[in-house]
Amino acid sequence: MSQSRATKRRPQQDAPDRPARLLAWYDRHRRTLPWRAKAGERADPYRVWLSEIMLQQTTVRAVGPYFEKFVARWPDVTLLGRASLDDVLRMWAGLGYYSRARNLHACAVAVTGDHGGVFPDTEEGLRALPGIGPYTAAAIAAIAFDRRTMPVDGNIERVVTRLYAIEEALPQAKPLIKEMATTLLGPARAGDSAQALMDIGATICTPKKPACALCPLNDDCAGRIRGDQETFPRKAPKKSGVLRRGAAFVVTRGGELLVRSRPEKGLLGGMTEVPGSQWQAGLEDAAALAQAPELKGVGRWHRKAGVVTHVFTHFPLELVVYSASVASRTRAPDGMRWVPVETLDGEAFPNVMRKVIAHGLDL
DNA sequence: CACGCGTGGAC
DNA sequence: TGTCCAAGCGT
């Protein structure tokens, strides 16, 4: 080994000590999170799985209270596997992406029924379960079972594309990113390596104004050396959705509210809602009442002033709210039911419906 | 591969 | 106010 090689800074393609630097940083600076095992302790696959599902496209802050509620009510996977889907959906209400809750329940049922209550300990075995895709399978395999694999999430994509100044845009760059990310694994502690990169992505290598001075990988980060680290990862621009409009009906019968369940598939699948029209682009609200014929004779409608607005990932929504109060023995139309206003908090309402009800009830 | 799928926070 | 983003998955 020559002197110059030992003293010169290594070129970025050749930094074999990066895995070790990463783990050394993790041992000093790792975040304390409710689902994360303490240093040296074995991770609980159930908690790792539950947290990974909740954290898909969702912030650590939002997940915290939901994670605590779930593990308090269902301390292990077999208890969750015996719970009803309705209970799971109610507990999930407000967290978003509700197909995750259905798949979570289906996965718990599968682990309980087909695997004796024990999670598969390989990436392939995990990948076969509902709601577990390539990222989550790798994450659980690495974190809970110490398999040598590198999960690649949004954080790691950002860190790695900056570290190597990868010019290829997402999602085409995914295979390359996976390959480069894998070089950051050492001979052991794959889960800690992955969590180190996620912590760095979340706290240092942030989308805007990264704190490069604090990064354990800063001295040979190609993006930082070029000075354009914030421009990574490259991605193609996306198109915005078109405004949709509709009407919602807040019908009360004394202290009760008229509700129904949405179809199991599709937008807000299986969640509870108040009756309403379709949501369409180019719809004028004057046409909305005509689309709810089963409610026409219900009573005296009052159109609430203003509108309820909500923005989904792929379209903005504007709802006109009509309210009516009906006689005490009025029957609910087919497919609908009355629920007491006092128990609305326990219903599986998505946030847009909570806005509608608050608007219609003058809360 | 592109799209559908929630919500809340930051700037 | 609009835009982007946050530990992706299923189809």
Side-chain angles (χ1 to χ4, degrees), chain A residues 30-31 33-36 47-67 89 92-104 106-107 126-144 150-159 169-175 178 181 191 193-203 205-209 230-231 233 235-244 262-271 273 279 309-317 348-355:
Chain A
R30 53 182 252 153
R31 290 178 292 174
L33 299 170
W35 44 85
R36 193 174 269 184
R47 295 167 69 90
V48 173
W49 163 73
L50 178 60
S51 66
E52 289 298 342
I53 301 299
M54 288 183 166
L55 286 162
Q56 289 167 9
Q57 300 291 284
T58 309
T59 58
V60 164
R61 171 176 300 184
V63 165
Y66 284 86
F67 178 83
L89 284 176
W92 194 279
L95 197 54
Y97 285 135
Y98 297 99
S99 66
R100 289 185 300 171
R102 307 181 151 280
N103 286 328
L104 182 85
C107 183
L126 290 160
R127 182 71 182 77
L129 291 166
I132 298 184
Y135 162 76
T136 305
I140 298 172
I143 296 169
M150 179 63 89
V152 179
D153 71 336
N155 282 313
I156 297 181
E157 280 178 353
R158 188 170 56 256
V159 173
L170 289 170
Q172 295 83 355
K174 280 175 181 285
K178 171 89 174 178
S193 301
Q195 291 177 99
L197 286 175
M198 292 185 221
D199 281 10
I200 288 170
T203 64
C205 196
T206 48
K208 292 172 187 174
K209 310 262 185 184
E230 255 192 64
T231 66
K235 47 181 79 171
K238 46 184 150 186
K239 22 191 155 177
S240 71
V242 177
L243 173 69
R244 301 185 198 180
R262 294 180 62 88
E264 308 245 323
K265 302 250 175 187
L267 182 67
L268 304 173
M271 301 299 286
E273 66 174 3
W279 300 342
T309 61
H310 191 78
V311 181
F312 292 100
T313 309
H314 49 301
F315 67 92
L317 175 67
F349 286 121
N351 278 7
V352 61
M353 282 302 139
R354 296 186 186 274
K355 291 184 195 174

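Sequence lines set the chain letters: A, B, ... in the order given, protein chains first and strands last, and positions in each chain run from 1. Small disclaimer: the values here were computed from a predicted structure and weren't measured.
For the pair A:Trp279 CH2 and B:dG4 P, the interatomic distance rounds to 15 Å; values are reported in whole Å. Rounded to whole Å, atom C1' of C:dA6 lies 17 Å from atom CG of A:Leu197. Protein atom CG of A:Asn103 is 16 Å distant from nucleotide atom P of C:dG8, rounded to whole Å. Protein atom CZ of A:Arg244 is 7 Å distant from nucleotide atom P of B:dC5, rounded to whole Å. Regarding A:Glu157, its CD atom lies at a distance of 10 Å from the P atom of C:dA6, rounded to whole Å. Atom NZ of A:Lys178 is separated from atom P of C:dG8 by 14 Å (rounded to the nearest Å). Put simply, CH2 on A:Trp49 is 15 Å from C1' on C:dC9, counting in whole angstrom units. In this entry the distance linking CG of A:Asp153 with P of C:dC5 reads 14 Å, nearest Å.
No side-chain donor from either of A:Gln56 and A:Arg100 sits under 3.5 Å from a side-chain acceptor of the other.
Across all strands, A:Arg31 comes closer than 4.0 Å to base atoms (heavy-atom distances). When heavy atoms are screened at a 4.0 angstrom cut-off, A:Pro130 is found touching the sugar-phosphate backbone but no base atom. Base engagement by A:Leu33 is indicated by at least one non-hydrogen atom pair under 4.0 Å involving a base atom. When heavy atoms are screened at a 4.0 angstrom cut-off, A:Trp35 is found touching base atoms of the nucleic acid.
Put simply, the side chain of A:Ser51 gets close to the backbone of A:Val48: a donor and an acceptor are under 3.5 Å apart. In this structure a side-chain-to-backbone donor-acceptor pair under 3.5 Å is missing from A:Arg102 to A:Gly131. Checked by atom type and distance alone, the side chain of A:Asp199 pairs as donor or acceptor with a backbone atom of A:Arg31 at under 3.5 Å. A:Lys174 places no side-chain N or O within donor-acceptor distance of the main-chain N or O of A:Glu157, the cut-off being under 3.5 Å. Although no hydrogens or angles enter the test, the distance criterion places a donor-acceptor pair under 3.5 Å between the side chain of A:Tyr66 and the main chain of A:Ala93.
Closest approach of A:Leu89 and A:Ala101 over heavy atoms only: CD2-CB, 3.8 Å. Of all non-hydrogen atoms in A:Tyr97 and A:Gln57, the two that sit nearest each other are CE1-CB, 3.6 Å. Across all their heavy atoms, A:Ala181 and A:Ile156 have their closest contact at CB-CG2, 4.1 Å. Nearest heavy atoms, A:Phe349 versus A:Arg354: O-NE, 3.4 Å.
Among the duplex regions that DNA chain B forms, those built from at least three successive Watson-Crick or G-U pairs under 3.5 Å are B:2-5 with C:8-11, B:7-11 with C:2-6, ordered by first number.
Comparing the P positions of B:dC5 and C:dA6 gives an interatomic distance of 22 Å, to the nearest angstrom.
Judged by closest nucleotide on DNA chain C, A:Gly201 is the one of A:Ile132 and A:Gly201 placed further toward the 5' end. Each of A:Arg158 and A:Thr136 has a nearest nucleotide on DNA chain C; the 5'-most of these lies closest to A:Arg158.
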Can you give one letter per nucleotide of nucleotides 6-11 of chain B, going 5' to 3': B for a protein heavy atom under 4.0 Å from the base, S for sugar-phosphate only, - for none? BBS---
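Comparing B:dA2, C:dG8, C:dC5 against the side chain of A:Pro171 picks out B:dA2 as the nearest.
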